[in-house]
**Student:** 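This structure is in structure tokens; I'll ask about it shortly.
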Amino acid sequence: MISYKMYTIRSIPGKGQGMFANKDIKAGSRILADELLLSIAESKIDEGIGERISVSLHGLPPEQQQQFETLHCPDHPTWTPAVSRFLANCFEVEAPGSGIFLKASRINNSCFPNAFFSWNQNLHRLTVHAMVDIPIGDEITVCYIFPFYSLQIRRDLFREHYVFECDCSACHVETGIGRRGEFRRRRMETLYTAIDKTNDGPSNNDQKELEMVLEFIRLAEDERLDGQFLSCIYSRAKKCYDDRGSEQLALEYAEMEVETNMRLLGDDHADTQESARDLDELKTRLAMVQQTEENGENLGAL
Ligand SMILES: C[S@@+](CC[C@H](N)C(=O)[O-])C[C@H]1O[C@@H](n2cnc3c(N)ncnc32)[C@H](O)[C@@H]1O
């Protein structure tokens, strides 16, 4: 067992090691900002991945190579141990790259996670933030993939990439919670793909895009799913409303985007800083519109 300020790493039956809160952790708190041990610039799983991992690993001092060897290594049917170990423990750094972080790699998966990981380019570290209040003693979990993927896709990715079967309540579709959740997640997956395909500029079908965005947000709230994907969707809602001249609604979604980014990424993340700048611009624009309207009213009253 290893204890740090906010968490302890210890074994759990059936899951290897895991990370546990050793104090009550408030939503938005930074649980860790982990240093990069090694990375590869291209994480696509092709025949060259073993070589890329090997080059990066052998560029490290022997002590750090040994630290990599201590990480969990699943028994994958086709990959070498180095590839299995890398893929089961890596996190995305600058896309399409992946990296290994010794502490974060002890965090297990849940499709109802209570924490969120993100590569922070400004800090050159991987951060993990509490998405919700985490009581002392609870396991700290992240979702390795988009949690709104349907059960079949989640199962396939967990088996293929990480070699485990997820046992969280979302993966038990025989229960009421699991079944209702699966229905919502399938719909969210469809909507996310469709929203992603719509153009960034003013589209021919703004109304349809806005309807999809609002439905996605409703489903995420019902399913209590959170993540940076949600702040991207808030950003789309902001843009849809702004494009149609509904600045007040655009402002509400801009505020939700900043709140989500602050909580999940922290104020030192480039995405948070960009969304905060956008919010300030929108507020300034809205204040100018209000001022112009007030001036017009005053002139009319003369
Ligand atoms: C990033 S590591 C997490 C820490 C790992 N348990 C350890 O012992 O170091 C990923 C591996 O943890 C295990 N794992 C993660 N989440 C799990 C879960 N919900 N149920 C069972 N095993 C899980 C799987 O073996 C997976 O390949």
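One-based numbering, in listed order, for ligands and for the atoms of each. Just so you know, these numbers come straight off a predicted model, no measurement behind them.
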**Student:** N/O of Asn89 under 3.5 Å from N/O of ligand 1, yes or no?
**Tutor:**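 The answer is no, given that Asn89 and ligand 1 share no N or O pair closer than 3.5 Å.
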
**Student:** Quick check on Gly18 - does any of its heavy atoms sit under 4.0 Å from an atom of ligand 1?
**Tutor:**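 The answer is no, since Gly18 has no heavy atom less than 4.0 Å from ligand 1.
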
**Student:** Can we call the ring centroids of Phe146 and Tyr192 under 6.0 Å apart?
**Tutor:**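 When the ring centroids of Phe146 and Tyr192 are compared, they turn out to be within the sub-6.0 Å range.
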
**Student:** Using the rule salt bridge (charged side-chain N to carboxylate O under 4.0 Å, His left out), only one of Arg185, Arg186, Arg180, Arg187 pairs with Glu223; which is it?
**Tutor:**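 Per the salt bridge (charged side-chain N to carboxylate O under 4.0 Å, His left out) rule, the option paired with Glu223 is Arg185, out of Arg185, Arg186, Arg180, Arg187.
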
**Student:** Look at Lys238 together with Glu252 and state whether they make a salt bridge at an N to O cut-off of under 4.0 Å.
**Tutor:**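 No salt bridge links Lys238 with Glu252.
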
**Student:** For Ile107, take its heavy atoms, then give the atoms of ligand 1 lying under 4.0 Å from any of them.
**Tutor:**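 Answer, ordered by atom number: 1 (C), 3 (C).
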
**Student:** What protein heavy atom is closest to atom 25 (O) of ligand 1, reported as residue, atom name and distance in Å?
**Tutor:**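 Going atom by atom, the protein heavy atom closest to atom 25 (O) of ligand 1 ends up being His72 NE2, 2.9 Å.
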
**Student:** Do any nitrogen or oxygen atoms of Asp167 come within less than 3.5 Å of a nitrogen or oxygen of ligand 1?
**Tutor:**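 So ligand 1 has no N or O lying under 3.5 Å from an N or O of Asp167.
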
**Student:** Return the closest protein heavy atom for atom 8 (O) of ligand 1 as residue, atom name and distance.
**Tutor:**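 The closest heavy atom on the protein side is Gln17 N, 2.7 Å.
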
**Student:** List the closest protein heavy-atom neighbour of atom 16 (N) of ligand 1: residue, atom name, distance to the nearest 0.1 Å.
**Tutor:**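 Of every protein heavy atom, Asn109 N, 2.9 Å lies nearest to atom 16 (N) of ligand 1.
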
**Student:** Among the heavy atoms of Tyr144, does any lie under 4.0 Å from an atom of ligand 1?
**Tutor:**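 It does; at least one heavy atom falls under 4.0 Å.
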
**Student:** My understanding is that only one of Trp119, Phe116, Phe117 makes a ring-ring contact (aromatic ring centres under 6.0 Å, His included) with Phe91; could you say which?
**Tutor:**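 Output: one option passes, namely Phe117.
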
**Student:** Which one holds for Leu71 and ligand 1: side chain close, backbone close, both close, or neither close, with close meaning a heavy atom under 4.0 Å?
**Tutor:**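 Within the 4.0 Å criterion, Leu71 makes no contact with ligand 1.
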
**Student:** Strictly by modelled atom types, are Glu139 and Asn108 linked by a side-chain donor-acceptor pair under 3.5 Å?
**Tutor:**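 The answer is yes; a qualifying pair exists.
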
**Student:** For atom 9 (O) of ligand 1, what's the nearest protein heavy atom and its distance?
**Tutor:**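 For atom 9 (O) of ligand 1, the nearest protein heavy atom is Arg106 NH1, 2.6 Å.
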
**Student:** Which ligand 1 atoms, with their elements, are less than 4.0 angstrom from a heavy-atom of Gly16?
**Tutor:**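 Counting from 1, the qualifying ligand atoms are 8 (O).
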
**Student:** Which protein non-hydrogen atom lies closest to atom 12 (O) of ligand 1, naming both residue and atom, and how far is it?
**Tutor:**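 Ranked first by proximity to atom 12 (O) of ligand 1 is Asn108 OD1, 3.3 Å.
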
**Student:** Do Arg10 and Phe20 meet the cation-pi criteria used here (NZ or CZ under 6.0 Å from the six-membered ring centre, within 45° of the axis)?
**Tutor:**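 The answer is yes; both the distance and angle limits are met.
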
**Student:** Could you list the donor-acceptor pairs under 3.5 angstrom formed by side chains in residues 30-42, with sequence neighbours left out?
**Tutor:**
{"residue": "Arg30", "atom": "NE", "partner": "His129", "partner atom": "NE2", "Å": "2.9"}
{"residue": "Arg30", "atom": "NH1", "partner": "Asp268", "partner atom": "OD2", "Å": "2.8"}
{"residue": "Arg30", "atom": "NH2", "partner": "His129", "partner atom": "NE2", "Å": "3.3"}
{"residue": "Arg30", "atom": "NH2", "partner": "Leu265", "partner atom": "O", "Å": "3.0"}
{"residue": "Arg30", "atom": "NH2", "partner": "Asp268", "partner atom": "OD1", "Å": "2.7"}
{"residue": "Asp34", "atom": "OD2", "partner": "Lys103", "partner atom": "N", "Å": "2.9"}
{"residue": "Asp34", "atom": "OD2", "partner": "Ala104", "partner atom": "N", "Å": "2.8"}
{"residue": "Glu42", "atom": "OE2", "partner": "Lys44", "partner atom": "N", "Å": "2.9"}

**Student:** Do you see a donor-acceptor pair shorter than 3.5 Å between the side chains of Thr8 and Ser3?
**Tutor:**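 A donor-acceptor contact under 3.5 Å links the two side chains.
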
**Student:** How far is atom 6 (N) of ligand 1 from its nearest protein heavy atom, and which residue and atom name does that atom have?
**Tutor:**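 Looking only at protein heavy atoms, the one closest to atom 6 (N) of ligand 1 is Lys15 O, 2.6 Å.
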
**Student:** With sequence neighbours left out, which residue pairs that include part of residues 163-178 fulfil the salt bridge (Lys or Arg N to Asp or Glu O under 4.0 Å) condition?
**Tutor:**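 Sorted pair list: Arg159-Glu165.
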
**Student:** Closest non-hydrogen protein atom to atom 23 (C) of ligand 1, residue and atom name please, with distance?
**Tutor:**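 Here the nearest protein heavy atom works out to Phe164 CD1, 3.6 Å.
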
**Student:** Quick check against the 3.5 Å criterion: does Arg277 have a side-chain atom that pairs as donor or acceptor with the backbone of Thr272?
**Tutor:**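 Not confirmed, Arg277 side chain does not pair with Thr272 backbone.
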
**Student:** Identify, for atom 27 (O) of ligand 1, the protein heavy atom at the shortest distance, and state residue, atom and that distance.
**Tutor:**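 Atom 27 (O) of ligand 1 sits closest to the protein heavy atom Tyr162 O, 2.6 Å.
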
**Student:** Would you kindly specify which portion of Ala88 sits under 4.0 Å from ligand 1, judged on non-hydrogen atoms: side chain, backbone, both or neither?
**Tutor:**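 Ala88 to ligand 1: contacts from backbone and side chain alike.
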
